[in-house]
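Computation of the quantities below employed the complete heavy-atom set of this structure, encompassing side-chain atoms and omitting hydrogens, waters and symmetry-equivalent molecules.
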Amino acid sequence: MNRSTGLESNPEAKKKIINRLRRAHGQLAAVIDAVEDDAHCAQIVQQLSAVSKAVDRAGFLVVSSALQECMAEEEVATDDLDQLEKLFLSFA
């Protein structure tokens, strides 16, 4: 697939993705601090879970945006759809 994510034509999705990734960035910093400070394992696992969910949701939004762009085209290459499917399934 040689196209972009489709985010340039969907500024709202791009904003959501950036916000989720920034949130994940902050949460990951909190995980690092918690490990360095010998925090309780429950706190560390809870923060890791939050980071994972934020990153996964950002990934789903990226794939969703690419799918929407693909489906808006009159002619969609099978290879493009196959690659999008693989990307989507990589989050499962």
Handout entry: Main-chain N/O of Leu48 paired with Ser52 side-chain donor or acceptor, under 3.5 Å
Key = no
Out of curiosity, [X] [atom1] to [Y] [atom2], how far, rounded to the nearest 0.5 Å?
X	Y	atom1	atom2	value
Leu28	Gln47	CG	CD	9.5 Å
Glu12	Leu61	CD	CG	10.5 Å
Ile44	Gln46	CD1	CD	11.5 Å
Lys53	Arg23	NZ	CZ	12.5 Å

Practice task
Go through the steps to decide whether Lys14 and Ile18 satisfy the test side chain to side chain contact (heavy atoms under 4.5 Å, CB included), and finish with yes or no.
Solution key: CA-CA 6 Å; Lys14 184 175 183 176; Ile18 290 170; 3.9 Å; yes
Practice task
For residues Ala58 and Leu21, report the shortest heavy-atom separation together with the two atoms involved.
Solution key: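 The answer is CB-CD2, 3.7 Å.
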Problem - For Val55 against Ala24, the heavy-atom pair lying closest together - result: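 Scanning both residues completely, I find the closest heavy atoms to be CG2-CB, 3.8 Å.
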